[in-house]
Amino acid sequence: SCEKDSTQSTWAAFELFKSVADQATCRNAAALINTGLYYEKGEKEGVVAKDMQVALTKYYLRAATLGDSTAMAIVGCCYETGQGCKVDYELAADYYVKGAMAGNNHAREGLKRLRDSGKI
């Protein structure tokens with residue numbers, strides 16, 4: 001059936017991203033972010049159990065360290081909302097600033113949201 005094929009191709013994509021992302025020397029931000037997304041979505045994708053802490057600490061933070069502005073915005077959001085970590089508005093702002101300086105609009109919006117709400 002189509003659903004079985006979809007699950008198999010989703011599993012194959014996850015395995016491919018994860019095999020690249022799990023290499024200690026991985027500098028592929030897209031592989032890191034996509035692997036993190038599978039852990040963030042979890043059961044919705046039917047591939048891996050949802051684990052936001054793994055998504056953040058093992059994948060998103062590594063991609064942000066590589067300078068990826070999307071990852072910086074994601075990490076900022078995690079710290080702002082406490083997804084996979086404790087809420088930390090200062091860290092959220094730090095990642096949002098880095099992402100905004102790299103041209104990411106979501107990071108700009110996150111920084112504005114923190115400022116407008118008086119959290120920083």
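Below, each value reflects all heavy atoms present in this structure, side chains not excepted, and no hydrogens, waters or symmetry copies. We count residues from 1, following the sequence as given.
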Which heavy-atom pair separates G99 from S69 by the least distance, and what is that distance? O-CB, 3.9 Å
The reported gap from OH in Y79 to CG in L91 (rounded to nearest 0.5 angstrom) is 5.5 Å
Quick check on Q53: does its CD atom have over 12 non-hydrogen neighbours (other residues, nucleotides or ligands) under 6.0 Å away? no
Return the minimal non-hydrogen interatomic distance between A64 and M72, and the atom names on each side. O-CE, 3.6 Å
ILVMFWY cluster, Y95 and Y89 together (side-chain gap under 4.5 Å): no
dist T65:OG1 -> K98:NZ (nearest 0.5 Å) comes out at 7.5 Å
Could you tell me which non-hydrogen atom of G76 sits nearest to which non-hydrogen atom of A92, and how far apart they are? O-CB, 3.3 Å
At what distance, to the nearest 0.5 angstrom, does NZ of K119 lie from CD of E90? 14.0 Å
To the closest 0.5 Å, what do you measure between OG1 (T70) and CG (L32)? 12.5 Å
Rounding to 0.5 Å, atoms CG (N28) and CZ (F17) come to a distance of 8.5 Å
Closest heavy-atom contact between A100 and A107? N-CB, 3.4 Å
Indicate, with yes or no, if V87 and V97 share a hydrophobic cluster defined by side-chain heavy-atom contacts under 4.5 Å among Ile, Leu, Val, Met, Phe, Trp and Tyr. yes
Side chains of V20 and T35 in contact at under 4.5 Å (non-hydrogen atoms): no
What is the distance from atom CZ of R113 to atom CD of E80, rounded to the nearest 0.5 Å? 4.0 Å
Establish whether F14 and V54 are linked, either directly or via other cluster members, by ILVMFWY side-chain heavy-atom contacts under 4.5 Å. yes
Nearest atoms (heavy-atom pairs only) where Q23 meets R62: O-NH2, 3.1 Å
Hey, does the side chain of Y59 reach the backbone of A31 with a donor-acceptor pair shorter than 3.5 angstrom? no
Is the backbone of L37 close enough, under 3.5 Å, to the side chain of Y60 for a donor and an acceptor to pair up by distance? yes
Contacts of type salt bridge (Lys or Arg N to Asp or Glu O under 4.0 Å), residue D22, not counting sequence neighbours: K18, K58
For C26 and L66, which heavy atoms make the closest approach, and how far apart are they? O-CD1, 4.1 Å
When hydrophobic residues are tied together by side-chain contacts of less than 4.5 Å, even through go-betweens, does M101 share a cluster with I74? no
